[in-house]
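Below is one structure, written out as C-alpha cells, with a few remarks after it.
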2 protein chains.
Amino acid sequence: MEFREAKDKFIQTWGTLATQWGINRSMAQLHALLLISPEPMTTEDVMEQLQISRGNASMNLRDLMDWGLIYKQLKAGERKEFYVAEKDIWKVARQVAKERRRREITPVVEVLNDLKAIDASTPEAQEFRRVMEGLSSVVGFADNTLNAVIKAEENWLMSQFLKVFR
Amino acid sequence: MEFREAKDKFIQTWGTLATQWGINRSMAQLHALLLISPEPMTTEDVMEQLQISRGNASMNLRDLMDWGLIYKQLKAGERKEFYVAEKDIWKVARQVAKERRRREITPVVEVLNDLKAIDASTPEAQEFRRVMEGLSSVVGFADNTLNAVIKAEENWLMSQFLKVFR
DNA sequence: TTGTAATTTCAAAAATAATTGAAAGATAAT
DNA sequence: ATTATCTTTCAATTATTTTTGAAATTACAA
C-alpha cells in the first residue's frame, strides 16, 4: 500500500469510527491528521488537507486541546499558531480515560447514588433498587478500569492482562 | 424521592447518556424501562410509557434483541409478544462487551494491520508506522480488557481491581 | 380459506448535530 | 494609532440521524 493511500485510509477510518462513539468526524480526522504529521501544522494546513471550513477547524482544534490530545505551539518569528498532537499513544489513552471518567462516569455515579436511596416498599420499587445496585457495581468496575489505565505505567498493565487472559 | 420520580429520572438519564455514546435515545430508554420492570411488557405497554410510535418501538426492540439485552417471551393463550430484559447486570455487561468487541475492535485491528504494512522509506511514512504500531498496542489492550469482562466470573474480576487499585 | 390481531417495513417528516462563512475580536508589527 | 494578519464566534445552512405512521406482511383462529 502506498503511503498516501494508507494515510487517507487511516484518516477516513478514524473519522467513521468516531461517529460510532459519539464523536464528530471532523474532530476525529483532525486528531488523526495531527497524530501522523511529523511537523506542527497550521489551521490553514488542516483546513486544506481535510477540506473543512475555518470555523470547523477552529472549534474542533479547541475541543482537542480541551481533551488534552493536542497542543498549541508558537514558532519564533511566526505570527501563526501551530498545532501538534501528543505522540505518546499511551499518554493519549490515559488522557482519554481521564476525560471520559470525569465527563461520563462521575455524573452517573451521582445519579445512581440518588436513585438507590428510594424506599423499596412495593415490588416495583424493590426491583428498581436491585437494578440500581447492580448498575452501581458495573459502573464501579468501569471506574476502576479507567483508573487503572490512568495510573498505569506504560506497559505494565497490558503485560498483566496478557499474562492472565489468553 | 418517590418511586415514580426515580423511575422517570432513571429512564431520562439513561436516554440522555446514551446519545453521548452514539446510541439512540429510544433504544436506551426501552432498555432502561424493561430493566426495571418486574413484569414482561408488550409493545403497546412500552409505546404508552415512553410515548413513542409503534415503528420506533418495533425497530429498537429488535435491535436490543440483536444485542442480546432483551428477550421475547410468549404467554400461553396470548396472541401478543412480551419482552423481558436480561436482569443479571453482569451478564448484560458481558454481552455489551462482547458485541462492542465484535463490532468495533475486530474491524479496527484488521485495518491497523493493513496500515502497519506500508514501507517506511520517508520520514512521514516512518512516523505513520510508529503511530499505527502504538495504536495497535492500545487497541490490543482494549481487546484484552473486553475479553476479561467477557470471560470473567461475576465478582472475581472486580474484586481483583478493587484490591489492586485504590 | 377468510378475517382479525399483531408485527414489521420503509418512505416521508421531524429532530438533532455538524458545518459553513462572514463578522467581530484579538494580537502584533509598522 | 492604524493596519495587517490571524483566530474565534455564532446565526444560518446543510447533513445526518431518528421517529413517525400507514401500508404490507405475518401469524393465528374460526
Side-chain angles (χ1 to χ4, degrees), chain A residues 11-34 39-67 69-84 103-104, chain B residues 11-34 40-67 70-84 103-104:
Chain A
I11 291 172
Q12 161 64 34
T13 303
W14 225 239
T16 307
L17 211 70
T19 61
Q20 287 196 314
W21 278 84
I23 294 161
N24 81 57
R25 194 171 69 246
S26 297
M27 182 167 158
Q29 289 187 339
L30 279 168
H31 189 220
L33 179 60
L34 289 171
E39 297 300 325
M41 298 182 81
T42 65
T43 305
E44 292 289 342
D45 292 337
V46 299
M47 282 170 61
E48 177 171 4
Q49 289 237 7
L50 300 180
Q51 291 290 310
I52 61 176
S53 70
R54 187 173 302 283
N56 193 358
S58 174
M59 286 165 105
N60 284 115
L61 286 170
R62 163 201 272 283
D63 282 351
L64 284 168
M65 286 199 294
D66 291 346
W67 276 82
L69 300 179
I70 67 173
Y71 312 112
K72 246 181 205 170
Q73 206 171 70
L74 301 176
K75 279 195 184 174
E78 290 264 23
R79 182 80 171 271
K80 285 176 287 201
E81 294 171 327
F82 289 75
Y83 296 92
V84 273
R103 296 173 195 223
E104 291 164 25
Chain B
I11 291 173
Q12 161 63 35
T13 302
W14 226 238
T16 307
L17 212 69
T19 60
Q20 288 195 315
W21 277 84
I23 293 161
N24 83 56
R25 195 171 70 247
S26 297
M27 182 167 156
Q29 289 187 338
L30 279 168
H31 189 220
L33 179 60
L34 289 171
M41 299 182 81
T42 65
T43 305
E44 292 289 342
D45 291 339
V46 299
M47 281 169 61
E48 178 170 5
Q49 290 236 8
L50 300 180
Q51 291 291 309
I52 61 175
S53 71
R54 187 174 302 285
N56 193 358
S58 174
M59 287 166 108
N60 283 116
L61 287 170
R62 164 200 273 283
D63 282 351
L64 284 167
M65 286 199 293
D66 290 346
W67 276 82
I70 67 173
Y71 313 112
K72 244 181 206 170
Q73 205 171 69
L74 301 175
K75 279 195 184 175
E78 290 265 21
R79 184 82 169 271
K80 286 176 285 202
E81 294 172 326
F82 290 75
Y83 296 93
V84 274
R103 296 172 195 224
E104 292 164 26

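Computed from a predicted structure; not experimentally measured. As a basis for the values below, the full set of heavy atoms in this structure was taken, side chains included, without hydrogen atoms, waters or symmetry mates.
At a threshold of 4.0 angstrom between heavy atoms, the contacts of A:E44 with the nucleic acid are absent.
Atom CG of B:D63 is separated from atom P of D:dT17 by 15 Å (rounded to the nearest Å). Taking atom CD of residue A:E81 and atom P of nucleotide C:dT27, one finds them 9 Å apart after rounding to whole Å. Between the CZ atom of B:F82 and the P atom of C:dA5 there is a distance of 16 Å, rounded to whole Å. Atom CE in A:M47 sits roughly 13 Å away from atom C1' in D:dT8 (whole-Å rounding). As a whole-Å value, the separation of B:E78 CD from D:dA29 P is 12 Å. When the C1' atom of D:dT7 is taken as reference, atom CD of A:Q73 falls 18 Å away, rounded to whole Å. In this structure, the CZ atom of A:R62 is 15 Å from the C1' atom of D:dC6, given to the nearest Å. Distance B:K75 NZ to D:dC28 P: 18 Å, rounded to the nearest Å.
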**Step-by-step side-chain contact (heavy atoms from CB on, under 4.5 Å) determination, A:L74 to A:E81** = CA-CA 5 Å; A:L74 301 176; A:E81 294 171 327; 3.8 Å; yes

**Request:** Give the C-alpha distance, both sets of side-chain angles, the deciding distance and a yes or no for side-chain contact (heavy atoms from CB on, under 4.5 Å) between A:W67 and A:H31.
**Result:** CA-CA 11 Å; A:W67 276 82; A:H31 189 220; over 6 Å; no

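The shortest distance between side-chain heavy atoms of A:E104 and B:L17 does not fall below 4.5 Å.
For B:R79 against C:dT4, a side-chain N or O and a base N or O form a donor-acceptor pair under 3.5 Å.
In this structure, of D:dT8, D:dC6, C:dT7, it is D:dT8 that holds the atom nearest to the side chain of A:Y83. Among C:dA6, D:dC6, C:dT9, the nucleotide with an atom closest to any side-chain atom of A:K80 is D:dC6.
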**Request:** Heavy atoms under 4.0 Å is the rule here; annotate nucleotides 10-23 of chain C 5' to 3' with B where the base is hit, S where only the sugar-phosphate is, and - elsewhere.
**Result:** B-------SSBB--

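Few gaps surround CD on A:Q20; more than 12 heavy atoms of other groups in view lie less than 6.0 Å from it. For CZ of B:R62, the number of neighbouring non-hydrogen atoms (other residues, nucleotides, ligands) closer than 6.0 Å is 12 at most.
A:E78 is linked by a salt bridge (Lys or Arg N to Asp or Glu O under 4.0 Å) to nothing, counting only residues two or more places apart in sequence or in another chain.
Exactly one residue among B:L33, B:V46, B:T43 makes a side-chain contact (heavy atoms from CB on, under 4.5 Å) with B:Y83. That residue is B:T43.
Contact between the side-chain N/O atoms of B:K72 and the OP1/OP2 oxygens of C:dA6 is not found at any separation under 4.0 Å.
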